[in-house]
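Since the structure comes first, as C-alpha cells, the remarks are kept for the end.
Throughout, protein chains are lettered first and strands after them, A, B, ... in sequence-line order, and every chain is numbered starting at 1.
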2 protein chains.
Amino acid sequence: MAPRSPAQEGAAARTEASPARGRATIRDVAAAAGVSIGTVSRALNARSGVHAATRQRVMDAATALAYDPDRAARELSNRRAVSVGLSMAHGYRRLTPFFALFLERLSAHLAMSGLRVDDLPTGGDGLPVGDADAFVLLGAHPDDPRIGHLLAAGRPFVLVGRHPGVRGVAADDEAGGRLAAEHLLRLGHHDVVLLTGQPHAQAMADRARGFTTALADGGMAAPTRLVADDGSPLGAYRVLRAHLESGARPTAVFAATDEMATGCIAAAGDLGLQVPADVSVIGFDDLPEIGDGLTTVRQDFEALARETVALLHEALHGDEPRSVRLPVTLISRGTTAERR
Amino acid sequence: MAPRSPAQEGAAARTEASPARGRATIRDVAAAAGVSIGTVSRALNARSGVHAATRQRVMDAATALAYDPDRAARELSNRRAVSVGLSMAHGYRRLTPFFALFLERLSAHLAMSGLRVDDLPTGGDGLPVGDADAFVLLGAHPDDPRIGHLLAAGRPFVLVGRHPGVRGVAADDEAGGRLAAEHLLRLGHHDVVLLTGQPHAQAMADRARGFTTALADGGMAAPTRLVADDGSPLGAYRVLRAHLESGARPTAVFAATDEMATGCIAAAGDLGLQVPADVSVIGFDDLPEIGDGLTTVRQDFEALARETVALLHEALHGDEPRSVRLPVTLISRGTTAERR
DNA sequence: TCACGCGTCGTAAACGGTTACGAAATTGAT
DNA sequence: ATCAATTTCGTAACCGTTTACGACGCGTGA
C-alpha cells in the first residue's frame, strides 16, 4: 500500500488540486484534502464516523474544486435513483406563473442536492403515479384526494402549501395579509375591497383572514369581499369591473395574487380610474414579470425551494413531519398611494 | 434513504440465466446467450465485429429476459448522458397552456426513448445554457437570438415552430387558418374578425395568412384584424370588447388561440351577446381544459411530441435538418352556428 | 505445411461513486 | 504504562455498462 507520501508531488503533477481535465471527481477532492475517497464520501454525505475537523477540510476542498458529484455514478452505486415526482392539481394545465417560478427555483435546488426530477408535473386530476421515491404536491386544496392517498400509501411527500399534520412549506400568508392591511391603514384608506381566488384554497383563506383581522384591529369596517374563482387576470378584471360599474368607488383593493392585481389595474384603467391616484392596488407574490411597479407582498421563492428540498430529504429519511412557514415582506412600489 | 437489500440468497445460484432478483443485467443476457458480456454489448449496440447468428442469439436472449439497460451505468461508462435541455422564451414564466400540455407529452416520449431531461425550461431571455447534448426550443420568434446562437455553436437542437433552414416541427398553421375560414364560409358568415397574438410570431402569422387567403378565395371581404400582443385571455377580452363597444357587430370571430377564444366568449357575454346565436367563436389548439364545447382547430399534441423526439435523435445523429409540418383538423362544437 | 490476416469473441480495465471491513490512532481506565 | 474500547480513516470490492486489447480459429496464398 501507498501511505500518503509527500513525495508524490515531486514525481507527477497529476495529483494536483485541480483536476487534470473535466470535472473534479471525488478522488481530486480526496487528494486536495489529504484524505481518502471513502472519507470524502462520508464527509459529504453527512455520514457519521468522520472527525469534524476532517469534515471541514473536505468541505473546503470540495467547494474550492467546485466538486459536483456525478449523478450517474451515484445512482449506479446506490442501485436506485432517488427521484422526486412533481404533482400538480391539474397537471401542467393550471400552471400559474407562481408555480412556474417556483418550479424553476426548485429544479435548481433539486439538482444541487443530487435528487432527480423524475416526472414533470403530471397526473391530471388523478393521483400521483410513477415510481418516484418522493413527491412534491403543488396546488393542493384541503380536501385534495392526493393527500390522503399519499398518506395512506405511506409515500414520502412534501406539500407546497399548508395542511394540518402534513409536512409542508408555505409563505406566512396570514402575516402577508396583515402586512397589506397595515400598509393600507397607514395610507389612510377606509373603503377597501378584498379580492381572492378560490376561497377554499388554504392560501387564499389565510391571506384573507390576515387582511380582515388586521383591518378590524385598525378600527376599520370589513372590506367588501370579491372572488374570482379561477384566480386569473381575466377573472379578476371582470369581477372588479362589475363591482366598479355598479357604482362602488373603493379607495383601495387588495388582490390576493399578483396575477389578479394585473386584472384589477386593467379594470380600473378601462373605467377611467387612475392607479394609484384614484384607487390603490396591492398584490401578493412579487412575481418578477409582473412586479413592474406593483406594490405587493413578496414571497421568498428561493427559500421556498430550499425548504422544499430540505423537507424532501427529511421525508426520505423518515423524520417526523414538520411544517415550515416562511416570512414575507411588503414591497411598496408605485400602485399604492395615500388616500386623498 | 433506505437502500433495498439486494438479493442475498443462495450463493451458487447467481450465474443462472434468469436474474436472481430485480432487473436482468448484461451478464444475465450473456449467460443466457452463451457469450460474454462484451459480445452482448456489441450486439445490442449494433457495433461491428459480431457474427450475425451470434447477434441474433443475443437479441433473443435479451428480449426473453426483458433486458433493459441501466441508464446510470451506461451514462457512467459513456461519460456523458444524452440529455436534452428545454429552453423557453421567457423561462417558465410565459408558460402557456399550450406549451404546458406539449411538455407533458414530450416528457413522456423523452423518457421512453432513453433521453433524459436535464434542465427544466430556463434561461429567461438568455441563451440556452447547461451542458445538455441537445436542445428543444420553445416559443422562439423568427429573430430569436437563441437560434443563431445554437446554429453558430453547432449544437443540435430542434425548434418547436417553423423557421427556414432549421430543424423544427410545427402544426400546419396555415392549413388550420384555412380550415377555420372554410368552416365560417360554410356557415354563411360574412362579417368576421381575426384576432391574433403577437403578430410577428410565425404561428400567428401563418394562421392569419391561411385564414385571410381562404376567406378571399371564398369571395369574402378581408376580416377586420385585431391583435392582443400578450395573447392572454384578458388581452383578448379587452381588445374584442373595445371593438364591440365601438359599435361593430361581427357575426364571427376567429381567435388564433383557444386561450384568446375564452376571452372572446367572455367579452361577448358581458356585452349581452349570445355565443353562438349572436356571434360565432372559433379557436385554435384544442386544449383539453378549455375545449369545453369550443369549436376549434385541433393540433395533434401526441404527434408533436413524437416528432420532436424523432428530430432530436436525428439532430444528435448529425442528420440533415428536416422540418415537419403536422396536419390539423377542425373540431366543430358548440360555439359556431349558421349566421342568421 | 506454414505463416499470415481477418473476423469473432473473451477479458479486464475503466467510468465515479458508496460502503463493508479492518487497520490505525486515539481515548480512558486501571 | 498497558490494554481494551472507541473513533477515525484507508482499502478494496462492488454497482452495470462500454471498449481497448489480445487470443483464438479459420481460411487463404505461398
### Task
Let me know, please, whether B:Ala72 or A:Thr54 comes out on the 5' side of the other along DNA chain D by nearest nucleotide.
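Per heavy-atom nearest nucleotide, the more 5' residue is A:Thr54.
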Spacing of [X] atom [atom1] relative to [N] atom [atom2], expressed in whole Å:
| X | N | atom1 | atom2 | answer |
| --- | --- | --- | --- | --- |
| A:His51 | D:dT6 | NE2 | P | 19 Å |
| B:Leu44 | D:dT19 | CG | P | 13 Å |
| A:Arg27 | C:dT18 | CZ | P | 11 Å |
| B:Asn45 | D:dA20 | CG | C1' | 16 Å |
| A:Ile26 | C:dC15 | CD1 | P | 14 Å |
| A:Ile37 | C:dA20 | CD1 | P | 15 Å |
| B:Asp28 | D:dC15 | CG | P | 11 Å |
| A:Asp68 | C:dG16 | CG | C1' | 12 Å |

Phosphate contact ([N] OP1 or OP2) by [X] side-chain N/O below 4.0 Å:
| X | N | result |
| --- | --- | --- |
| B:Ser77 | C:dC15 | no |
| B:Thr39 | C:dG10 | yes |
| A:Arg47 | C:dT19 | yes |
| B:Arg42 | C:dC9 | no |
| B:Thr25 | D:dC15 | no |

### Task
Test B:Phe157 against every option in B:Val136, B:Leu151, B:Leu312 by the side-chain contact (heavy atoms from CB on, under 4.5 Å) rule and name the one that passes.
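Result for side-chain contact (heavy atoms from CB on, under 4.5 Å) with B:Phe157: B:Leu151.
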### Given DNA chain C, 5'-ward residue of the pair B:Arg57 and A:Ser41, judged by closest heavy atom
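The residue closer to the strand's 5' end, by nearest nucleotide, is B:Arg57.
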### Task
For B:Ala52 and for B:Ala73, find the nucleotide of DNA chain C with the closest heavy atom, then tell me which residue's nucleotide is more 5'.
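Result: B:Ala52.
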### Query
Ignoring hydrogens and angles, are the base of C:dG16 and the side chain of A:Arg71 linked by a donor-acceptor pair under 3.5 Å?
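No pair found.
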### Query
How would you label the contact of B:Ser48 with the nucleic acid (heavy atoms, under 4.0 Å): base, sugar-phosphate, or nothing?
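Touches nothing.
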Is the closest side-chain heavy-atom distance between [X] and [Y] below 4.5 Å?
| X | Y | value |
| --- | --- | --- |
| B:Leu326 | B:Glu307 | yes |
| B:Val35 | B:Arg57 | yes |
| B:Val169 | B:Leu304 | yes |

### Query
What nucleotide among D:dC15, C:dG17, D:dT18 has an atom nearest to a side-chain atom of A:Arg74?
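Per side-chain heavy atoms of A:Arg74, the pick is C:dG17.
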### Query
Among the nucleotides C:dG16, C:dT11, D:dT8, which one has an atom lying closest to any side-chain atom of B:Ser36?
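My answer, after comparing the listed nucleotides, is C:dT11.
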### Message
I need the A:Ser323 OG to A:Arg167 CZ distance, nearest 0.5 Å.
### Response
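Here the interatomic distance stands at 10.0 Å.
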